[in-house]
Amino acid sequence: TKTLNETPNANRLHIGFFGKRNSGKSSLINKIFNKKDLARVSSMPGKTITINFFDLDGVKFVDLPGYGYAKVSKSEKQRWSGLIEGYFTSDRNIELVVMLVDIRHAPSKDDLLMIDFLIETETPFIIALTKSDKLSNNQKEKRLNELKSEIPAFDDIKTIPVSSKSGEGIEELKGIFKDIANNI
């Protein structure tokens, strides 16, 4: 378990993955890095309980613990909250946060609070609309239209439907990350 003081290379460029528990953060990281078990994946929400770091081309990719419902003690939830808050309020060079939202459902209250937090703190972010492979093209189009009214300032936020199964959106994400790495 890493504490905030133990988190590596605060001065390096960071790209964080952030979202509700079971939103697909670990699966997405594995797909981006093209490694099956780089980030630990589980069908049980809340398996990422530490901040995990992955290096690629001089960039630190950061798998943050998920927020929202989990069957854990109050003290464990407070520890997770402290890790996340500490990460975002530290002097780290956070170049981008990839906020994961399950495209199949309206964003939760927690999702909206986190989006507001990222906007208020002027943290650069995009929204990866995960699990897009589980919808037909018509269903996806319908959800994208609904999201326009469900997420404040939706039209001003870069959104990318992604699937760690089909690979949809992965090359677009990699292109964004490559642009960031090239600007180091």
Salt-bridged, [X] to [Y], with N to O below 4.0 Å?
X    : Y    : result
K20  : D110 : no
K178 : E171 : no
E168 : K131 : no

With no hydrogens and no angle check, do the side chains of [X] and [Y] hold a donor and an acceptor under 3.5 Å apart?
X    : Y    : value
S108 : D111 : yes
S26  : D63  : yes
S166 : D133 : no

To the nearest 0.5 Å, tell me how far [X] [atom1] sits from [Y] [atom2].
X    : Y    : atom1 : atom2 : value
E95  : D179 : CD    : CG    : 10.5 Å
I94  : F125 : CD1   : CZ    : 13.0 Å
I160 : I126 : CD1   : CD1   : 4.0 Å
Q139 : R104 : CD    : CZ    : 10.5 Å

Q: Measure the acute angle between the ring planes of F33 and F54, then classify it against the limits of 30° and 60° as parallel, tilted or perpendicular.
A: tilted
**Q.** Minimum-distance pair of heavy atoms, taken over all atoms of E150 and P107
**A.**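 Result for this residue pair: OE1-CD, 3.3 Å.
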Q) With I127, which of V97, I115, L100 fulfils side chain to side chain contact (heavy atoms under 4.5 Å, CB included)? A) I115
Q | Student check: side-chain heavy atoms of V59 and H14 closer than 4.5 Å | A |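 With C-beta onward as the side chain, the pair stays apart.
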